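Presented below is the structure to which this report refers.
What you see is a predicted model; the values in this text were computed from it and never measured. Just so you know, residue 1 is the first one in the sequence shown, and it goes up from there.
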Amino acid sequence: MKSVLMKNLANKVASALILAMLTQFAASCNKSQDIEKVETSDKLQLSVSIAGIQENSDKSGENKAAVRNNVKPLVRSYNEFDALVSVDNHVEQSSSIRIHSSAAKANSGAARAEAIGPGVKYRLFLYKNDGTFVSSTALTANSTGKVAIEAGEDYKWYALSYNNTEDVPDVTTGSSAITLAGGKDVLHAAGTLSVPSDASGALPLGIIFNHKTSRLAIELNSMGMFGDMNSATVAVSGLSMKSGTIDIFTGKYSDLEDYTQTINWSSFENVEAGFNDRKVAYAYTVDSTNANNVSVSIASLQLTHASDLVEGEGATVRSFSATPVNFSPVSVTPAIGRTHRILYNLVESALTTVGVSNTGDSVRWSRSNLYYAAGTHNPYRFYATNAQRSDAKSYFAYGALTPGQFVNAASRQDPCAQVYPQGVWRTPTNNDLYSISDGQGLLSSLLGTVGSLLGARDEMENSEPGDGTATGRYAQFEVTTPPNTAFDARSNNLRLYYNGQLPRLGVLPNGFLDLDLSGLAALLGSSYGTQSHIWTSNAPASILTLVNLGVWGHIASTERQAVAGIPFGTPFVRAKRTGELLVSAVGVDVLTSTLKNVRCVRN
């Protein structure tokens with residue numbers, strides 16, 4: 001019996017010991033797990049983000065296509081349309097960001113950077129100061145990346161990207177060289193990092209990339225043709241692109257190889273979101289020794305002119321022929337880290353009148369009148385359809401940039417010079433009018449009869465009247481320009497429609513630009529449908545009987561020979577240069593005038 005009791009007691013003691021050991025083991029395990037959790041939460045990391053891309057723009061290039069009207073830009077004629085071609089280093093940026101981070105400033109030494117697009121992938125390479133490889137981490141822009149580091153350690157870091165959503169190649173063991181794909185916008189950055197010995201949590205690293213290729217931008221711009229580009233056949237030749245191997249430590253290239261980059265219409269994208277009148281395609285090279293002799297051709301260009309800018313006018317689609325327009329080759333020698341832009345400003349072709357009688361020169365006229373579309377990114381335009389119209393956006397006071405606005409003599413400017421590309425067009429001078437007029441007179445009153453101004457028959461040679469009910473009445477003048485299949489007869493001939501002029505008003509109606517066609521027609525009176533009026537750019541001077549404040553204009557009308565006040569015979573065009581007096585408004589430092597149309601000529 002005693003032995004049984006001793007055995008039971010031993011079993012209970014053993015059970016208690018076993019239970020105690022299991023409890024201690026469990027507690028030990030829990031303590032170990034708690035320690036691991038603490039270490040995990042306190043692990044030191046780099047918090048990596050992209051602060052931007054270092055700007056490399058040459059801002060002086062922005063105004064090369066916007067020359068002043070006293071400089072004649074070299075516009076070349078290519079039959080159906082003309083072009084002003086220029087080369088600059090302008091970088092078009094949809095946005096830029098201010099760098100606030102002190103870490104970013106320390107790493108970049110720059111105050112501004114170009115924003116990087118969403119979803120752009122990059123790779124961060126981390127090394128210790130002695131060259132020991134630490135890590136290579138694939139990251140994505142616009143999100144914070146985490147990379148493990150150690151307290152009290154000094155690092156060198158390198159970053160590489162294609163500036164798109166493609167994966168970036170990794171380094172191989174023991175090498176700092178990476179073979180890159182061709183035709184990519186390679187971005188590179190490098191820096192050093194000293195981690196304090198007492199550092200904890202996340203240490204920020206803001207990366208600012210540098211462009212490590214030369215980017216060739218080919219921009220097609222149809223703002224000078226006043227329409228959006230729908231389609232075209234585009235061919236680009238003469239590119240000498242190369243790819244190669246980059247050393248992420250130095251950013252230098254080796255083992256360069258030829259890379260063929262094909263650019264066609266599908267390669268082009270809008271420069272500005274929502275606008276189809278500026279398109280750009282990019283080519284990339286890592287070579288800075290070979291010149292590129294770039295040739296561009298355009299065929300089957302189709303444009304659409306907006307329908308919401310002119311009251312009563314629908315969208316106009318203009319199609320040019322399939323015959324390629326071959327622009328002269330442009331030579332560009334790439335430089336690493338720079339953008340070289342070849343800008344093809346397409347310009348509406350002009351109509352050339354016969355030689356001016358007193359100078360022997362010819363004059364090249366726009367195909368329709370100028371109007372001003374307030375609030376648009378391309379406000380100075382020629383009408384897509386040349387027609388008789390009473391549109392408030394096309395009636396300018398002398399020397400004013402905005403329709404329906406008077407200015408003083410010191411503020412006088414040329415609205416034609418504002419047409420994009422600036423400086424290609426100008427308002428005609430009095431001498432330019434010799435090709436579409438055969439005399440001069442004094443316009444004393446809008447409502448005065450043209451006959452009293454012009455005298456006898458005075459038929460304008462090389463002209464004919466138009467009295468069609470469909471397009472309105474006009475005076476048409478002979479041109480030497482062959483017909484352009486992209487335009488109809490209204491724009492293939494120099495037609496000045498009888499839009500009339502507004503009499504001199506001391507105060508213009510409020511909301512002048514918002515007047516509808518009927519409201520403006522009431523102000524135009526009997527001149528609408530019977531006369532054409534356009535301005536010249538000559539400064540006020542003593543002309544005819546007007547002393548110091550006389551300015552020149554042009555008037556045309558359809559007349560018939562009259563006997564005893566009764567008209568008979570075939571209608572003909574009378575066209576004269578007219579002198580008009582400017583009058584100072586009472587109590588206001590402005591010079592009032594009539595309001596006329598503006599028909600531009602080439603600079």
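L160 pairs with exactly one of V171, L180, L124 by the side-chain contact (heavy atoms from CB on, under 4.5 Å) rule, that one being L180. Partner S349 forms a side-chain hydrogen bond (donor to acceptor under 3.5 Å, both in side chains) with one of E80, R364, R367 and no other, that one being R367.
Counting only distance, with no hydrogens or angles, the side chain of H340 and the backbone of V87 share no donor-acceptor pair below 3.5 Å. No donor-acceptor pair closer than 3.5 Å links the side chain of S135 to the backbone N or O of T137. Remark: the backbone N or O of N129 is not paired with any side-chain donor or acceptor of D154 at under 3.5 angstrom. A donor-acceptor contact shorter than 3.5 Å links the side chain of S368 to the backbone of Y383. No donor-acceptor pair closer than 3.5 Å links the side chain of D255 to the backbone N or O of T245. For D414 (side chain) and R426 (main-chain N/O), no donor-acceptor pair under 3.5 Å exists by modelled atom type. Side-chain atoms of N221 never come within 3.5 Å of backbone atoms of Y344 as a donor-acceptor pair (strictly under, hydrogens ignored).
Proximity of P415 to T427: side-chain heavy atoms (C-beta onward) are separated by under 4.5 Å at one or more points. Looking at I263 and V234, their side chains never come closer than 4.5 Å, going by heavy atoms from C-beta outward. Put simply, the side chain of R76 does not reach to within 4.5 Å of the side chain of V85, judged on heavy atoms. Inter-residue side-chain proximity for V147 and Y155 is flagged as unmet; no heavy-atom pair is nearer than 4.5 Å. No side-chain heavy atom of N484 sits less than 4.5 Å from a side-chain heavy atom of F81. P334 is not listed as a side-chain neighbour of L216, based on a closest heavy-atom distance of 4.5 Å or more. T323 has its side chain out of reach of N79: every pair of non-hydrogen atoms, C-beta onward, lies at least 4.5 Å apart. Between L187 and H211, some side-chain heavy-atom pair lies under the 4.5 Å cut-off.
The minimum heavy-atom distance linking Y259 with S243 is given by the pair CB-N, 4.1 Å. Counting all heavy atoms, side chain and backbone alike, Y253 lies closest to I246 at CE2-CB, 3.8 Å. Minimum interatomic distance between L515 and A392 (heavy atoms only, all atoms of both residues): O-CB, 4.3 Å. Nearest heavy-atom pair across G117 and A141 is O-CB, 4.1 Å. When all heavy atoms of K393 and A373 are compared, the pair lying nearest together is CD-CA, 4.4 Å. Across all non-hydrogen atoms, the minimal contact from G227 to L303 is O-CD2, 4.3 Å.
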Does the pair S240 and N292 meet the rule for a side-chain hydrogen bond (donor to acceptor under 3.5 Å, both in side chains), with working shown? CA-CA 6 Å; S240 179; N292 286 252; 4.9 Å; no
Evaluate salt bridge (charged side-chain N to carboxylate O under 4.0 Å, His left out) for D167 paired with K121, printing each intermediate quantity in order. CA-CA 6 Å; D167 293 327; K121 294 182 179 180; 2.9 Å; yes
side-chain hydrogen bond (donor to acceptor under 3.5 Å, both in side chains), that's the test. Do S49 and T144 meet it? Break it down for me. CA-CA 5 Å; S49 61; T144 302; 5.8 Å; no
Checking ring-ring contact (aromatic ring centres under 6.0 Å, His included) for the pair F382/W425: CA distance, chi angles, key distance, verdict? CA-CA 11 Å; F382 302 150; W425 300 92; 5.0 Å; yes
Criterion side chain to side chain contact (heavy atoms under 4.5 Å, CB included) on W157 and L46, from CA distance to verdict: CA-CA 11 Å; W157 61 265; L46 276 180; 5.9 Å; no
After noting the C-alpha distance and the side-chain angles of T213 and K184, does the key distance pass the side chain to side chain contact (heavy atoms under 4.5 Å, CB included) rule? CA-CA 8 Å; T213 55; K184 307 298 180 183; over 6 Å; no
List the steps, then state whether side-chain hydrogen bond (donor to acceptor under 3.5 Å, both in side chains) holds for N378 with T376. CA-CA 5 Å; N378 189 25; T376 67; over 6 Å; no
Show, in sequence, the C-alpha distance, side-chain angles and deciding distance for D130 and T132, and conclude whether the side-chain hydrogen bond (donor to acceptor under 3.5 Å, both in side chains) test is met. CA-CA 6 Å; D130 61 5; T132 302; 2.8 Å; yes
I'd like to know whether Y372 forms a ring-ring contact (aromatic ring centres under 6.0 Å, His included) with Y380, so could you lay out the CA-CA distance, the side-chain angles of the two residues, the decisive distance to 0.1 Å, and finally the verdict. CA-CA 5 Å; Y372 175 76; Y380 292 89; 4.9 Å; yes
Step by step, work out the side chain to side chain contact (heavy atoms under 4.5 Å, CB included) result for R602 and V424. CA-CA 6 Å; R602 277 293 177 81; V424 169; 3.8 Å; yes
Stepwise side chain to side chain contact (heavy atoms under 4.5 Å, CB included) test for Y420 and N345: CA-CA 9 Å; Y420 185 89; N345 274 315; 2.7 Å; yes
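A perpendicular orientation is assigned to the rings of Y122 and F209, their planes being inclined by more than 60° (bins at 30° and 60°). Ring geometry for F327 against Y78 counts as perpendicular: the plane angle is over 60°, on a 0 to 90° scale with 30° as the lower cut. In this pair, H377 and F275 present their aromatic rings tilted. The plane angle is within the 30 to 60° band.
One distance of note links OG of S328 with CG of N293; it measures 12.0 Å at 0.5 Å rounding. Expressed to the nearest 0.5 Å, how far OG of S161 lies from CG of L139 amounts to 10.5 Å. Rounding to the nearest 0.5 Å places CG of L239 at 12.0 Å from CG of D258. In this structure, R318 CZ and T304 OG1 are separated by 10.5 Å, a value rounded to the nearest 0.5 Å. Rounding to the nearest 0.5 Å places CG of L220 at 11.5 Å from CZ of R278. To the nearest 0.5 Å, the span separating CG on N142 from CD1 on I50 amounts to 9.0 Å.
Side-chain contact annotation: S394 with N369, donor-acceptor N/O pair under 3.5 Å absent. At a cut-off of 3.5 Å, with distance as the only test, no side-chain donor of S222 or D277 sits close to an acceptor on the other residue. For the residue pair N386 / S491, no side-chain donor-acceptor distance below 3.5 Å is found, with atom types taken as modelled.
Crowding of K146 atom NZ: a count of heavy atoms from other residues, nucleotides or ligands under 6.0 Å exceeding 12.
The pair R341-D88 meets the salt-bridge criterion, with a side-chain N (NZ, NE, NH1 or NH2) lying under 4.0 Å from an Asp/Glu carboxylate O.
Relative to the six-membered ring of F226, R381 misses at least one condition, a distance below 6.0 Å or an angle of at most 45° to the axis.
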